Number of protein chains: 2
Amino acid sequence: MGNKNNLAAISERTGYSVSTVSRVLSGKAEKYRISAEAIAKVTEEAHRCNYRPNLVAQSLRTRQSQTVGLVVPGIDNPFFATLASVINAQLVQHGYHTLLADSRENPEEEIQAMEMFQDRNVDGIIAVPVAPTPEYHERVSQDIPLVLIDRYFDKTSLSYVCTDNYAGAYMAAKYLADKGYKRILAIQGVPASMPNRERVRGFQDALHERGIENQVRGDAFSVENGRREALAAFSGNPKAYDAIFAFSSTILLGAISALRRLGITEGKDVGVISYDNNGFLDFMNPAVTRVEQPLQEAGEIAVSTLFSFMEARRAGLPHPAPVQQLIRPTLVIRESC
Amino acid sequence: MGNKNNLAAISERTGYSVSTVSRVLSGKAEKYRISAEAIAKVTEEAHRCNYRPNLVAQSLRTRQSQTVGLVVPGIDNPFFATLASVINAQLVQHGYHTLLADSRENPEEEIQAMEMFQDRNVDGIIAVPVAPTPEYHERVSQDIPLVLIDRYFDKTSLSYVCTDNYAGAYMAAKYLADKGYKRILAIQGVPASMPNRERVRGFQDALHERGIENQVRGDAFSVENGRREALAAFSGNPKAYDAIFAFSSTILLGAISALRRLGITEGKDVGVISYDNNGFLDFMNPAVTRVEQPLQEAGEIAVSTLFSFMEARRAGLPHPAPVQQLIRPTLVIRESC
DNA sequence: AGACCATGCACAAACGATTGCGCAAAACAG
DNA sequence: CTGTTTTGCGCAATCGTTTGTGCATGGTCT
């Protein structure tokens, strides 16, 4: 019934030294040739008092925390929530845990989060970066394994796993063109972010190649932005465009609400297509055709890449070559265009 | 230039002892009457080398971690994602951070998560419990401040902040009744969970009082369950019910997909009403009337309650009386019934 | 019997911060 | 000039682990 529950207590109760107890309980018994008898007594006592090592002390001593920092631009965004879910599940499977941070699309908060991660001795970081330039992340990456996901930087040695936004947007635009749409409006998200830039490129390339009228407006992955831009685009002329490509499902929702307000019926008067994989797109009326990103796969690759870096670090090896991977998204065809 | 960045390094470079440096940098200078000169030199050096305390060591010594554990049944569920977002924001504002865990509706994983929290020395826990009984949580609560949110237990001394699910369901059912619906089907979630039981009670009370036909089916807060139950209920007779009350937005989506498949138009042939506050309900066609829960408020109360417990603990005071609060949800009226 | 090796374990120093206690030197009083 | 107080700071223990090193004991070999 000893109140304390640490190695010292077990040591006292079994008569073996703290070091022996430690070695037994951390599975290093044979490496240090501990007797079968000692092993038996120590493990029994450990079970009896339900010993669990103090991870803080362990972390201080070993400089490992079994913790990975995850920073996203907005955990309330279902897209990032799903990403967090996938990543957390992967980490837990490997015996790691998630220290969560939300940068709220704010570079300063992102930096604060990453400093906090360092202060807390996380073993690695997975980030959806919001900073305009990669310098800070590159600096951190020298000290702590770091993998970017969903967003990345232009010319950088940082590792990332993202979906091929150029290909996705190209597919979507081509699909609209093939369907016969002639004047297509894209409502974009944060203009400086890499996914957005790539989507704009893909969109424009596909339509220029086909000589189809197109325009890009907007500046945020938000419902408000979708609503505002759709209102502005259609309020003068309900037939200003015959299709809308929303760069996120939030934008889509805003745009649809604007269309309805203007008496325009999505899917009939104006075709709509969207980016993102929110399941509810299937339950809208009409169900929304969209570019889906393989989040599960992306999360898995990010985590396994991170682990490979962490392992190299533990082994004292040099940092492996960066992994920079673009996953191909898929076009999910429904009835909205 | 020094490679290390700890108190010892600053101590060496300034010529003051580690203890003095520690006291200066943790703001206890006057308490220990450190000279102005020492304060100046130490803080300057600390800034120069950008000193940041090692939180792991700090945590080991002080038994505080500035960390709160948050366990939810599914971070990919937008409802819990929003909850996590609100709670995390509150915590960060107070200088705390979030250690995240996902029980996936699984009592065993919930226990694992909470043990992990204890091993990592979190200062408090906020949980959406999934266990069938409160015993484990009550035990933990003796060691670590704990506040439940969204779900709670029946007769328990644990603190919780939840929405008044009885009132919410009662409101919704009454609204349907007042609109003239005569045969109402509720599709429920996890039957054993407190919110679900309260919703069933509210639903049945409201309709029994008014002598209106009603039934409750289903067993999970999932799309599949909604779909399955709606199919089963309507496939024999498309007019079996004239309204559906979905106990979550996921259930709603499943039910709607079933209705469409059967050629039944929601809002016209069958009224629908839902629980939950997913913004996209406004963008469905017709927009869905629903019972919304004040998540922001709930999160704030949970966090401030938790902090009050943590403070009492630090001060060595006895655990304050439990806070058990039900917040009234609101009925958001749209066009689906 | 002496040299040698394998065995089984304990000692003590880390990791980096906090903190009770006490020690010098300076200041002051008598 | 001695005794007391104040000022300013350092010593060393502590949190709970991990781990390099070393020391007995007992057995084997020549």
Side-chain angles (χ1 to χ4, degrees), chain A residues 2-43 45-46 49-67 118-123 314 316, chain B residues 2-43 46 49-67 118-123 314:
Chain A
N3 220 352
K4 296 275 187 157
N5 222 357
N6 49 23
L7 291 185
I10 299 186
S11 157
E12 205 169 307
R13 282 188 235 118
T14 57
Y16 290 101
S17 78
V18 170
S19 25
T20 300
V21 176
S22 167
R23 295 199 247 249
V24 170
L25 296 181
S26 54
K28 307 222 179 68
E30 36 194 301
K31 181 178 163 195
Y32 286 92
R33 299 165 321 205
I34 309 292
S35 67
E37 190 192 338
I39 297 185
K41 285 198 178 171
V42 168
T43 51
E45 173 62 17
C49 67
N50 190 27
Y51 169 77
R52 317 199 83 226
N54 180 321
L55 295 187
V56 175
Q58 212 167 51
S59 170
L60 175 61
R61 175 62 225 241
T62 63
R63 328 207 116 269
Q64 296 194 32
S65 57
Q66 306 290 107
T67 304
Q118 293 184 277
D119 296 343
R120 286 170 187 255
N121 202 4
V122 300
D123 296 338
R314 265 200 303 277
Chain B
N3 221 351
K4 296 277 186 158
N5 222 357
N6 50 23
L7 290 187
I10 299 186
S11 157
E12 206 170 307
R13 282 189 235 116
T14 58
Y16 289 101
S17 78
V18 170
S19 22
T20 299
V21 175
S22 166
R23 296 197 251 248
V24 169
L25 296 181
S26 54
K28 306 220 179 72
E30 37 193 303
K31 182 177 164 196
Y32 287 92
R33 300 165 318 204
I34 309 292
S35 68
E37 191 191 336
I39 298 185
K41 285 197 178 172
V42 167
T43 51
C49 67
N50 190 27
Y51 170 77
R52 317 199 83 227
N54 180 320
L55 297 186
V56 174
Q58 211 167 51
S59 170
L60 175 62
R61 177 62 225 245
T62 64
R63 328 212 114 266
Q64 295 194 32
S65 57
Q66 306 291 106
T67 304
Q118 293 184 276
D119 296 343
R120 286 169 188 256
N121 202 4
V122 300
D123 296 336
R314 265 200 303 277

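Quick caveat: nothing in here was measured; it's all calculated off a predicted structure.
OP1 or OP2 of D:dC9 lies within a sub-4.0 Å distance of a side-chain N or O belonging to B:Ser35. Proximity of A:Gln58 to the phosphate of D:dT18: a side-chain N or O atom is located under 4.0 Å from OP1 or OP2. When the side-chain nitrogen and oxygen atoms of B:Ser59 are compared with OP1 and OP2 of D:dC15, none of them lie within a distance under 4.0 Å.
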>> Show, in sequence, the C-alpha distance, side-chain angles and deciding distance for A:Ser17 and A:Thr20, and conclude whether the side-chain hydrogen bond (donor to acceptor under 3.5 Å, both in side chains) test is met.
In response: CA-CA 5 Å; A:Ser17 78; A:Thr20 300; 3.3 Å; yes
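Separating the OG atom in A:Ser22 from the CD1 atom in A:Ile10 is a distance of 10.5 Å, to the nearest 0.5 Å.
In this structure, CD of A:Gln118 is placed 17 Å from C1' of C:dG16, rounded to the nearest angstrom. Between the P atom of C:dG16 and the CG atom of A:Asp119 lies a distance of 13 Å, rounded to the nearest Å. Residue A:Ile10 contributes atom CD1, which lies 12 Å from atom C1' of D:dT17 at whole-angstrom precision. Residue A:Asn6 contributes atom CG, which lies 13 Å from atom P of D:dT14 at whole-angstrom precision. When the P atom of D:dG8 is taken as reference, atom CD of B:Glu37 falls 11 Å away, rounded to whole Å. One atom, CD1 of B:Ile34, and another, P of C:dT19, lie 14 Å apart when rounded to the nearest Å. Look at CD on B:Gln64: it is 17 Å from P on C:dA17, rounded to the nearest Å. Whole-Å rounding puts the B:Arg52 CZ to C:dA17 P distance at 12 Å.
A donor-acceptor pair under 3.5 Å is absent between the side-chain atoms of A:Ser11 and the main chain of A:Leu7, judged by distance alone. Without hydrogens or angle criteria, A:Asp123 side chain to A:Ser65 main chain gives a donor-acceptor distance under 3.5 Å.
For B:Gln118, the CD atom sits in a packed shell: over 12 heavy atoms of surrounding residues, nucleotides or ligands are nearer than 6.0 Å.
Where A:Ala36 and B:Tyr51 meet DNA chain C, the nucleotide closest to each residue was compared, and A:Ala36 sits on the side nearer the 5' end. When the nearest nucleotides of DNA chain D are assigned to A:Ala8 and B:Tyr16 by heavy-atom distance, the more 5′-ward of the two goes with B:Tyr16.
For A:Asn54, the listed nucleotide lying nearest its side chain is D:dT17; candidates were D:dT17, C:dC9, D:dC15.
Inspection of the A:Arg120 and B:Thr67 side chains reveals an N or O donor paired with an N or O acceptor under 3.5 Å.
Salt bridge A:Glu45/A:Lys41: absent, no basic N to carboxylate O contact under 4.0 Å.
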So which protein nitrogen or oxygen atoms get under 3.5 Å of nucleotides 19-22 of chain D's nitrogens or oxygens?
from	atom 1	to	atom 2	distance (Å)
D:dT19	OP2	A:Lys28	NZ	2.9
D:dG20	OP2	A:Tyr32	OH	3.4
D:dG20	O6	A:Arg23	NH1	3.2
D:dG20	O6	A:Arg23	NH2	2.9

